[in-house]
Amino acid sequence: MGPFEYITAAAVNAVKALYNVDAADNLIQTQPTRKEFEGDVTLVTFPLLRTSHKSPEATATEIGQWIKDNCGEIASFNVVKGFLNIKLSGAFWSDTLKNIASAPNYGQLPETGKTVMVEFSSPNTNKPLHLGHVRNNLLGWSVSQLLSANGHNVIKVNLVNDRGIHICKSMIAWLRCGDGITPEKAGKKGDHLIGDYYVKFNDLYKEEVAELTAAGMSQEDAEKNAPILKEAQAMLVKWEQGDPQVRALWKKMNDWVYAGFDQTYAALGISFDKTYYESNTYLLGKSLVEEGLKKGVFERHDDNSVWCDLTADGLDKKLLLRSDGTSVYMTQDLGTAVSRYNEYHFDEHIYVVGNEQNYHFQVLKLILKKLGFDWSDAIYHLSYGMVELPEGKMKSREGTVVDADDLIEKMYTTAKETSQELGKLEGMTEEEKDELYMMLGLGALKYFIIKVDPKKTMLFDPKESIDFNGNTGPFIQYTHARIRSILRRAQDKPQSTDAELLPKEESLIKILASYPDKIREAGIAHSPAIIANYAYDLAKEFNQYYHDTQILKEPDTAIRAQRLLLIETIARVLTHSMGILGISLPERM
RNA sequence: GGUUCGAUAGCUCAACUGGAUAGAGCAUCAGAUUUCUAAUCUGACGGUUCAGGGUUCGAGUCCCUGUCGAAUCACCA
């Protein structure tokens, strides 16, 4: 039993004994005692005043006295205003440590039997991944891990937007000026190569628009009628008609991109249980549109386009099929959602998608509802904030996009330089060192991104490299390496004993004991940031403890064994919590 | 213009869902290595929580009003 459960139960009994009232949950409010006061758990008595009919101080004192007299594990209590601070006994904390240490998989909550699908990454196949995708990928991955730890059955899925006008643009540009180039010939990852041709398309498009306006056409008409754009649109129609040549080229270029993506995913340590392709689901989307038309949920306009009128729900009209019959983003998302539900009957479906698409998901849920799919309530849009640069949004036009592969490379290099400067890696092979540099570089990057509350916009300054000191991934990795180094050297076995605990040790155990609550809290909030900050608190507390406490040199065998058990448990919890974030911890660094 | 979200130390972020004197890191300054890892630790400095009202024992947190910022409302995805 954790400290909070213990005190809550005691308080319920006290209220029953003193006032003859069965306290409802919201009457018993506990919280960790603040550092400046003595105690472990604080009972807030304000909600109880109506029951006790006494002053806050008198109520707190009365309950404190009753608990001290009637419960075994209370060391002392004190009252400050309406706050009852209770200090638990040393024995309580040694027992707690013992229980945590002997739990086979501490941090893993019991199975719930619920199936949760998490969609994340969802790249377009016309350009390489950038920093925004990195946040998406790390968030999606860690939320999946987090929900697994909460006992759910998690299915990680990716949806590749492999068809659409965007990829047609890259194809057209490649046909016009690619001269048969391949990733091998160019010596470049496939996703980067295709990205180059997407940029090329926009350059050509701009040139054509300029020519047309120079010839007297209005800006608006020129933008609509530029030949290269017409060509791309015609290609999309051909694609939907299944034209063999278009399909062959499309497949070839997409495969280049996938090879590139796979490398980036591997570097980030990310994988999926299943990958969906828009090219496979858009047809189901189109058939849903037909169904909706029959049901009268949608309407066909004179120009043959299909719309859903949401004005009665306070939204706008939404396009579902273009006048040329091709589908849009929403069309395929409808199809994807339905096929997934039919296959998995998920209890919850989380979409990890940026907050720029809040409107899209509002509409998606609403349209599914209108089509009669009641499970649309199970859809949850995990809407995360954008990553911004000091000068604002990343813009490919201005070349400010932070490329994912470049960033990973840079983190690796920085880790390498720092490690070499510190020079603590004697005896390691080059291969081991290399692995370590990558682990540290990625640790810094991942922690930097995940520690921020997902829904907040975050800032990344490319000019200042991501820190390796302070509240960072490497700080926690370093803490772990320190602990492992002691444990490697230890002669005796970590063991629970009845040796007396230092105050710092009790507070460390307190943090360890709160871990399952943190997992639960973070799961409900869909926020791995809570886990990141927890791990930091634990690591920081350990480093303070470590600074002024002897462990291996402690002469008393019982104390030494218990300290070893404590730090070993800390290492385990750090490993588990950082594992949720996808960050590995080294044996030494 | 409508809708949604945000604003906390110079900078980047916390604050256990309404609790006590709003906390960390970075940066700046001053310290700690014959000792189990100094990628660490100890101090100092740093705040009208955007502004103004309201709700109550108590508000960074909830409710109005305003200011500023972002996203979105596409035959883009």
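We name chains A, B, ... by the order of the sequence lines, and we start the count at 1 in each one.
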Residue closer to the 5' end of RNA chain B, A:Trp307 versus A:Leu552 (nearest nucleotide) | A:Leu552

When you check the phosphate oxygens OP1 and OP2 of B:G6, does a side-chain N or O of A:Thr457 lie under 4.0 Å from one of them?
-> no

Position toward the 5' end of RNA chain B (nearest nucleotide), A:Gly164 or A:Val80 | A:Val80

Less than 5.5 Å between centroids and less than 30° between ring planes, does A:Phe83 satisfy that with B:G19?
-> no

Counting heavy atoms not belonging to A:Arg488, are there more than 12 under 6.0 Å from its CZ?
-> yes

Using the P atom on both, measure B:U34 against B:C26 and round to a whole Å.
-> 23 Å

Whole-Å distance between B:C13 P and A:Glu388 CD?
-> 10 Å

Starting at atom CD of A:Gln29, determine the distance to atom C1' of B:G58, rounded to an integer number of angstrom.
-> 11 Å

Nearest-Å distance once atom P is located in both B:G66 and B:U28 = 43 Å

Has A:Arg489 got a side-chain N or O lying under 4.0 Å from the OP1 or OP2 atom of B:U37?
-> yes

Using the P atom on both, measure B:U67 against B:A24 and round to a whole Å.
-> 37 Å

Base, sugar-phosphate alone, or nothing: which one does A:Gln550 contact when heavy atoms must sit under 4.0 Å apart?
-> base

Determine: side-chain N/O of A:Arg322 to OP1/OP2 of B:C76, distance under 4.0 Å, yes or no.
-> yes

Should we count NZ of A:Lys238 as having more than 12 external heavy atoms under 6.0 Å?
-> no

Whole-angstrom distance between B:G2 and B:U40, as gauged at atom P = 50 Å

Have a look at A:Ile530 and say if it touches a base, only the backbone sugar-phosphate, or nothing, with a 4.0 Å heavy-atom cut-off.
-> nothing

Have a look at A:Asp453 and say if it touches a base, only the backbone sugar-phosphate, or nothing, with a 4.0 Å heavy-atom cut-off.
-> sugar-phosphate

Pairing nucleotide - B:G60, Watson-Crick or G-U, each distance under 3.5 Å = none

In whole Å, what is the span from the CZ atom of A:Phe468 to the C1' atom of B:U37?
-> 18 Å

What nucleic acid atoms does A:Ala529 come within less than 4.0 Å of, heavy atoms only: base, sugar-phosphate, or nothing?
-> nothing

If we require ring centres under 5.5 Å and near-parallel planes under 30°, does A:Phe46 stack on B:C57?
-> yes

Considering Watson-Crick and G-U wobble pairs with both distances under 3.5 Å, what does B:G66 pair with?
-> B:C50

From CZ (A:Arg300) to CG (A:Leu320), nearest 0.5 Å | 11.0 Å

Side-chain donor/acceptor of A:Asn85 to base of B:A20, under 3.5 Å = yes

Does A:Arg34 put a side-chain nitrogen or oxygen below 4.0 Å from OP1 or OP2 of B:G19?
-> no

Residue matched to B:C41 through Watson-Crick or wobble contacts both under 3.5 angstrom = B:G31

B:U72 to B:A77 separation - P atoms, rounded to the nearest Å | 15 Å

Aromatic rings A:Tyr546 and A:Phe542: how do their planes relate, parallel, tilted or perpendicular, breaks at 30° and 60°?
-> tilted

Based on the glycosidic angle (syn within 90° of 0, else anti), state the conformation of B:U17.
-> syn

When rounded to the nearest Å, what value does the distance between C1' atoms of B:U12 and B:U56 take?
-> 35 Å

Can you find a side chain N or O atom of A:Lys456 that sits less than 4.0 Å from OP1 or OP2 on B:A7?
-> yes

OG/A:Ser170 to CD1/A:Ile165 distance, rounded to the nearest 0.5 angstrom?
-> 11.0 Å

A:Phe83 vs A:Phe46 aromatic rings, parallel, tilted or perpendicular, using cut-offs 30° and 60°?
-> perpendicular

Counting only Watson-Crick or G-U wobble pairs whose two distances fall under 3.5 Å, which nucleotide matches B:U8?
-> none

Taking only N and O in the side chain of A:Gln357, is any of them less than 4.0 Å away from OP1 or OP2 of B:A71?
-> no

Between B:A71 and A:Lys455, is there an OP1 or OP2 to side-chain N/O distance shorter than 4.0 Å?
-> no

Can the ring centres of A:Tyr277 and A:Trp250 be said to be less than 6.0 Å apart?
-> no

Test A:Glu388 against A:Lys393 for salt bridge (charged side-chain N to carboxylate O under 4.0 Å, His left out), laying out the working first.
-> CA-CA 5 Å; A:Glu388 289 190 351; A:Lys393 272 189 84 169; over 6 Å; no

For A:Pro32, answer base if it contacts any base atom (sugar-phosphate contacts may also be present), sugar-phosphate if it contacts only those atoms, and nothing otherwise; contact means non-hydrogen atoms under 4.0 Å.
-> base

Do the rings of A:Tyr351 and A:Phe361 sit parallel, tilted or perpendicular, given the 30° and 60° boundaries?
-> tilted

What nucleotide among B:A38, B:G19, B:U17 has an atom nearest to a side-chain atom of A:Ala525?
-> B:U17

Indicate, with yes or no, if the rings of A:Tyr384 and A:Phe120 have centres closer together than 6.0 Å.
-> no

NA contact type, A:Ser419, heavy-atom cut-off 4.0 Å: base, sugar-phosphate, or nothing?
-> base

Separation between the P atoms of B:G25 and B:A44, rounded to whole Å | 12 Å

Starting at CZ of A:Phe361 and ending at P of B:C5, how long is that distance when rounded to a whole Å?
-> 17 Å

How far does CD1 of A:Ile530 sit from CD1 of A:Ile450, to the nearest 0.5 angstrom?
-> 13.0 Å

Treat primed atoms plus P, OP1 and OP2 as sugar-phosphate and everything else as base, then score nucleotides 25-34 of chain B 5' to 3': B for base contact with protein heavy atoms under 4.0 Å, S for sugar-phosphate contact only, - for none.
-> SS--------

Under a 3.5 Å cut-off for both distances, is B:U3 Watson-Crick or wobble paired, and to whom?
-> B:A71

Can you tell me how far P in B:U49 sits from the matching atom in B:A27, rounded to whole Å?
-> 27 Å

Report yes if a donor N or O on one partner sits less than 3.5 Å from an acceptor N or O on the other, where the partners are the side chain of A:Thr42 and the base of B:A20; otherwise report no.
-> yes

